[in-house]
**Q** 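The structure under discussion is supplied below as structure tokens; questions concerning it will follow.
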Amino acid sequence: MSGSVGRRGFLAGASALFVGACSKVAETDTAQSLFSAAQGWHRKVHRSLAERKALAKEYPRSAISPSFRGNGSRTVDTDAYRASLAGGFADWRLEVTGMVDTPLSLTLDNIRKLPQRTQITRHDCVEGWSAIGEWTGPQLSVLLEAAGVQEGAKFVVFHCADTYKGGRYYESVDLIDAYHPQTIVAHKLNGEPLPEKNGAPLRMRIERQLGYKHAKYLTAIELVDSLEHIGEGEGGYWEDRAGYQWYAGI
Ligand SMILES: Nc1nc2c(c(=O)[nH]1)N[C@H]1C(S)=C(S)[C@@H](COP(=O)(O)O)O[C@H]1N2
Ligand SMILES: [Mo]
């Protein structure tokens with residue numbers, strides 16, 4: 001498969017950590033036993049803070065996949081998005097809202113002028129494919145510090161512009177992943193503005209978590225103390241619909 005590092009590598013690397021339920025993967029026997037074993041493992045082991053803070057592996061430029069697949073939504077099917085895309089996303093805003101001292105409304109220019117981080121990492125999707133890409137953007141922590149996270153905030157919710165199969169996509173993480181140094185708001189892939197299929201103009205990279213956590217077409221970052229009133233209350237699109245694990249750490 002071009003643009004992929006292969007399913008076997010992903011499963012070997014992620015075997016004990018394969019905590020995301022996925023109907024497609026779960027259909028095969030091997031995947032089913034792997035999944036059940038991982039569920040048990042997940043219940044028994046409590047990850048230490050040090051483990052949660054560890055960095056995901058970064059790769060050399062030579063490892064970058066020739067093409068980075070677009071998965072799930074590959075565009076936002078609205079006139080507003082088409083117009084925004086045609087205008088180079090000059091009107092796009094990223095809101096930082098909820099439990100913050102100073103709500104922010106950032107343009108892409110604002111985001112490009114913040115200190116940037118570039119990292120070459122491997123994306124692992126529960127559907128059984130992986131790809132390596134180079135991502136650039138400010139660390140989420142920089143935005144959170146600028147907005148001032150209020151006492152009592154526990155989760156960061158990522159709101160997206162797209163609807164997938166009739167539902168608005170969203171995701172969320174706790175503050176450990178939010179402040180992780182490799183958690184960035186990416187506006188570039190492999191040195192170029194983010195392609196439409198990969199979430200233009202902005203998407204999350206949350207390198208210690210599986211692919212479905214990496215919200216594309218990002219419009220707002222909301223600080224909350226509970227996920228109960230967001231979506232169906234499970235913390236994300238696939239968590240609500242298919243029982244995927246909310247904590248998808250790898
Ligand atoms: N807004 C939005 N974000 C999303 C999705 C989506 O459908 N909509 N799909 C998720 C899944 S399952 C994966 S594997 C990755 C795919 O990212 P890619 O299109 O850059 O490969 O995006 C994630 N983020
Ligand atoms: Mo995925």
Side-chain angles (χ1 to χ4, degrees), residues 20-26 67-98 103-108 111 123-129 131 133 135 137 140 143 155-173 177-178 183-189 193-206 209-224 226-248:
C22 173
S23 52
K24 269 191 207 158
V25 174
S67 75
F68 202 106
R69 167 175 172 165
N71 202 48
S73 290
R74 295 166 51 89
T75 187
V76 180
D77 195 15
T78 65
D79 291 344
Y81 183 81
R82 295 256 77 75
S84 193
L85 174 71
F89 295 109
D91 62 347
W92 196 269
R93 291 289 181 283
L94 176 66
E95 314 288 340
V96 183
T97 63
L104 308 175
S105 179
L106 304 170
T107 63
L108 286 187
I111 287 165
H123 178 101
D124 293 326
C125 171
V126 290
E127 289 170 30
W129 60 274
W135 306 96
L140 177 57
L143 273 62
F155 305 100
V156 180
V157 180
F158 305 110
H159 296 281
C160 305
D162 62 309
T163 51
Y164 188 66
K165 298 185 176 166
R168 185 56 82 83
Y169 204 91
Y170 80 100
E171 258 303 336
S172 62
V173 295
D177 272 309
T183 296
I184 68 173
V185 180
H187 56 84
K188 276 188 180 172
L189 170 58
L194 212 56
E196 183 177 352
K197 70 182 193 315
N198 303 110
L202 293 174
R203 63 104 44 90
M204 290 309 302
R205 291 301 308 170
I206 303 167
Q209 299 237 12
L210 288 169
Y212 60 88
K213 303 297 288 186
H214 303 224
K216 307 194 285 186
Y217 314 106
L218 189 67
T219 56
I221 292 171
E222 184 186 4
L223 278 291
V224 297
S226 161
L227 297 171
E228 203 183 335
H229 301 293
I230 313 285
E232 303 292 317
E234 300 299 327
Y237 178 95
W238 289 111
E239 290 88 330
D240 284 344
R241 276 166 192 75
Y244 282 27
Q245 292 284 331
W246 174 77
Y247 181 67

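Treat the numbers as computed from the prediction; the structure is a model and nothing was measured.
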**Q** Just checking Y169 against Y237, ring centres under 6.0 Å apart?
**A** yes
**Q** Indicate yes or no for a side-chain donor-acceptor contact from D124 to the backbone of L210 under 3.5 Å, with no hydrogens or angles considered.
**A** no
**Q** Taking side-chain hydrogen bond (donor to acceptor under 3.5 Å, both in side chains) as the test, write out the residues that go with T219, two or more places apart.
**A** none
**Q** With ring centroids as reference points, do F89 and Y81 lie under 6.0 angstrom apart?
**A**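 Aromatic pair counts; centres sit under 6.0 Å.
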**Q** Under the salt bridge (Lys or Arg N to Asp or Glu O under 4.0 Å) rule, collect the residues that match up with R82, sequence neighbours excluded.
**A** E196
**Q** Looking at K216 and G72, would you say the former's side chain and the latter's main chain have a donor-acceptor pair under 3.5 Å?
**A**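 Absent.
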**Q** Can you list everything that forms a side chain to side chain contact (heavy atoms under 4.5 Å, CB included) with T183? Sequence neighbours excluded, please.
**A**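 Scan of T183 (side chain to side chain contact (heavy atoms under 4.5 Å, CB included), adjacent residues dropped) gives L140, H180, M204, I206.
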**Q** Among side-chain atoms of D177 and Y247, is any donor-acceptor pair under 3.5 angstrom?
**A** no
**Q** Suppose we screen for ring pair (Phe, Tyr, Trp, His ring centres under 6.0 Å). Which residues come up paired with H214, at least two apart in sequence or across chains?
**A** H123
**Q** Which residues pass the side-chain hydrogen bond (donor to acceptor under 3.5 Å, both in side chains) test with E222, not counting sequence neighbours?
**A**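 Here the qualifying residues are H159.
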**Q** Please list, chain by chain and in numerical order, all residues satisfying ring pair (Phe, Tyr, Trp, His ring centres under 6.0 Å) with F158, sequence neighbours excluded.
**A**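 For F158 there are no ring pair (Phe, Tyr, Trp, His ring centres under 6.0 Å) partners, ignoring immediate neighbours.
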**Q** Kindly write out the residues that satisfy side chain to side chain contact (heavy atoms under 4.5 Å, CB included) with N71, not counting sequence neighbours, or none if the list is empty.
**A**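 Counting only residues at least two positions away or on another chain, N71 forms a side chain to side chain contact (heavy atoms under 4.5 Å, CB included) with R69, C125, E127, W129.
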**Q** Compute the centroid of each ring, for F68 and then for W135, and state whether the two points are separated by less than 6.0 Å.
**A** yes
**Q** Checking E95 now: which residues fulfil side chain to side chain contact (heavy atoms under 4.5 Å, CB included) with it, not counting sequence neighbours?
**A**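 Testing E95 for side chain to side chain contact (heavy atoms under 4.5 Å, CB included), a comparison that skips the adjacent residues, returns R93, T97, S105, A220.
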**Q** Run the side chain to side chain contact (heavy atoms under 4.5 Å, CB included) check on T75 and D162 step by step: do they pass?
**A** CA-CA 7 Å; T75 187; D162 62 309; over 6 Å; no
**Q** In chain order, what residues pass the side-chain hydrogen bond (donor to acceptor under 3.5 Å, both in side chains) check against T163, with sequence neighbours excluded?
**A**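 T163 satisfies side-chain hydrogen bond (donor to acceptor under 3.5 Å, both in side chains) with no other residue.
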**Q** With W92, which residues qualify under side-chain hydrogen bond (donor to acceptor under 3.5 Å, both in side chains), at least two apart?
**A**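 Applying side-chain hydrogen bond (donor to acceptor under 3.5 Å, both in side chains) to W92 gives none.
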